[in-house]
Amino acid sequence: MKVHGKPMRSIWVEPDGWSVGIIDQTRLPHAFVTLRLTTLDEAAHAIRSMQVRGAPLIGAVAAYGVCLALRGDASDVALERACTHLQATRPTAVNLRWALDEMRQALRPLSPSERLTAAYLRAAALSDEDVAINRAIGEHGLGLIESVWARKGRQGRVNVLTHCNAGWLATVDWGTALAPLYLAHDKGIPLHVWVDETRPRNQGAGLTAWELGQHGVPHTVIADNVGGHLMQHGEVDLCIVGTDRTTARGDVANKIGTYLKALAAKDNGVPFYVALPSPTIDWTLEDGVRDIPIEQRDGRELTDISGRLPSGEVVTVRVTPEGSPVANYGFDVTPARLVTALVTERGVCEASTEGLLSLFPERRPVRGTGT
Ligand SMILES: CSC[C@@H](O)[C@@H](O)C(=O)COP(=O)(O)O
């Protein structure tokens with residue numbers, strides 16, 4: 001997508017051919033700053049501190065983190081140690097585990113002398129695949145927006161509500177939930193996006209608003225609790241969000257607060273879509289509420305808030321009383337029954353075991369063979 005009119009991705013290999021460039025998302029929207037990752041520890045820190053975030057991008061950074069680790073030592077032990085270190089950075093997004101498994105699978109059979117080149121090739125391929133997948137999600141999701149536009153008699157605008165940031169900043173490019181919106185906007189469908197601020201880290205107010213603005217998509221930032229009110233008043237035609245892990249039966253883990261939006265959508269008959277690349281499906285889990293690990297983060301994300309003063313200085317201030325305990329849950333799980341449909345790179349399906357298997361038949365358990 002574009003930054004100040006110039007196309008770019010959220011991760012790249014620098015001209016030196018080995019170090020890895022990222023956008024420091026902790027500095028947005030007030031400053032656009034890029035960083036150069038040169039070691040495994042820097043890659044792990046970037047994920048943990050959320051300089052990079054969003055399930056697909058976390059996977060891509062982890063893949064390049066393995067490359068950086070192998071530059072010093074490409075032994076079996078070093079490969080395993082790098083994967084274990086990166087895996088421990090964030091627990092909820094399953095794309096991290098998926099990307100590390102892909103890297104292990106590609107690299108383990110090779111001799112240490114062959115691994116470094118192969119690692120960079122595999123990490124680049126995973127990144128390119130992410131871009132292609134998200135573009136396909138965009139095409140399939142576009143159909144849903146076109147239907148709403150047709151239903152409205154091509155009058156007014158299509159109002160979409162989204163939560164957190166599932167845009168190009170959360171992926172290598174395009175985004176998941178935002179990919180259909182970019183395509184719809186580019187096609188000339190009058191679109192307006194309600195952007196949930198997404199406390200405590202404000203990925204909506206800081207990142208989604210910024211990237212929609214860079215692309216010229218009309219949007220309005222709202223406090224997290226506004227969505228239900230807007231839905232009651234017919235101001236939301238559809239909701240679309242991303243996900244960090246979706247189970248085999250279609251339960252969806254996403255940024256904290258997603259569940260409440262899905263409940264409000266159900267109560268108001270507003271379609272609630274979840275856009276996801278297939279690496280976000282955890283085929284090993286069924287019951288998301290019971291089994292998806294939910295990240296709990298540093299309480300300071302909740303007690304403190306950052307913003308820019310009129311002078312341009314970015315400062316952090318405290319919003320809770322000294323001494324009040326806080327709990328900072330990063331994600332929640334929306335049960336499949338509240339999801340109207342899943343939008344994947346292979347098409348749109350019901351949020352159910354059968355729905356997912358209709359698009360991914362290779363995942364259907366083989367009966368009678370003991371496997
Ligand atoms: C394509 S991104 C889908 C999700 O990763 C996104 O909605 C989200 O919850 C991101 O959480 P974050 O904590 O910012 O990494």
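First listed ligand is number 1; within each ligand, the first listed atom is number 1. Hydrogens, waters and symmetry mates are skipped; everything else that's a heavy atom, side chains included, is used.
- At a heavy-atom cutoff of 4.0 Å, ligand 1 is contacted by no atom of A275, backbone or side chain.
- When hydrogens are left out, the protein atom nearest atom 2 (S) of ligand 1 is A170 CB, 3.6 Å; that is the closest non-hydrogen contact.
- Atoms of ligand 1 lying under 4.0 Å from at least one heavy atom of A166, given by number and element, are 1 (C), 2 (S).
- The main-chain N or O of I58 is never found under 3.5 Å from a side-chain atom of N95 such that the two would form a donor-acceptor pair.
- Taking a 4.0 Å cut-off on heavy atoms, A93 fails to register as neighbouring ligand 1.
- Contact analysis leaves H163 out of contact with ligand 1, as no non-hydrogen atom separation drops below 4.0 angstrom.
- Contacts between A55 and ligand 1, counted as non-hydrogen atom pairs separated by less than 4.0 Å, involve both the backbone and the side chain.
- For N165, every heavy-atom contact with ligand 1 shorter than 4.0 Å involves the backbone, none the side chain.
- At the shortest separation from atom 6 (C) of ligand 1 among protein heavy atoms lies N254 OD1, 3.5 Å.
- At a 4.0 Å cut-off, not a single heavy atom of G330 sits close enough to ligand 1 to count as contact.
- Close to ligand 1: M50, with a non-hydrogen atom less than 4.0 angstrom away.
- In summary, the side chains of D304 and T316 do not present any donor paired with an acceptor at a separation below 3.5 Å, with no hydrogens or angles considered.
- Cation-pi geometry between R36 and W18 is met: the NZ or CZ atom falls under 6.0 Å from the ring centre, inside 45° of the normal.
- For the side-chain hydrogen bond (donor to acceptor under 3.5 Å, both in side chains) test with R245, the passing option among D282, N254, D291 is D282; the others fail.
- Only backbone heavy atoms of T243 (N, CA, C or O) come within less than 4.0 Å of ligand 1; its side chain stays farther off.
- A salt bridge does not link E345 with R135: every distance from a Lys NZ or Arg NE/NH1/NH2 to an Asp or Glu carboxylate oxygen is 4.0 Å or more.
- When each atom of ligand 1 is checked for a heavy atom of Q203 under 4.0 Å away, the hits are 12 (P), 13 (O), 14 (O).
- For atom 8 (C) of ligand 1, the closest non-hydrogen atom of the protein is D244 OD1, 3.3 Å.
- A salt bridge links R9 with D128: the distance from a Lys NZ or Arg NE/NH1/NH2 to an Asp or Glu carboxylate oxygen falls below 4.0 Å.
- Residues A177 and T162 share a closest heavy-atom pair of CB-OG1, 4.4 Å.
- Under a 4.0 Å heavy-atom criterion, L276 is not in contact with ligand 1.
- With contacts defined as side-chain heavy-atom distances shorter than 4.5 Å, the pair L161/D196 qualifies.
- Using a 4.5 Å heavy-atom cutoff, the side chains of L57 and T171 are not in contact.
- Geometric assessment of K255 against the ring of F331 yields a positive cation-pi assignment under the 6.0 Å and 45° thresholds.
- Summarising the geometry, atom CZ belonging to R122 is positioned 11.0 Å from atom SG belonging to C67; distances are rounded to the nearest 0.5 Å.
- Evaluated by nearest non-hydrogen atom to atom 15 (O) of ligand 1, the leading choice among K255, Q25, R90 is R90.
- Atom 1 (C) of ligand 1 has as its closest protein heavy atom T176 OG1, 3.1 Å.
- For ligand 1, the atoms sitting less than 4.0 Å from at least one non-hydrogen atom of F331 are 9 (O), 11 (O), 13 (O), numbered in the order shown with element in parentheses.
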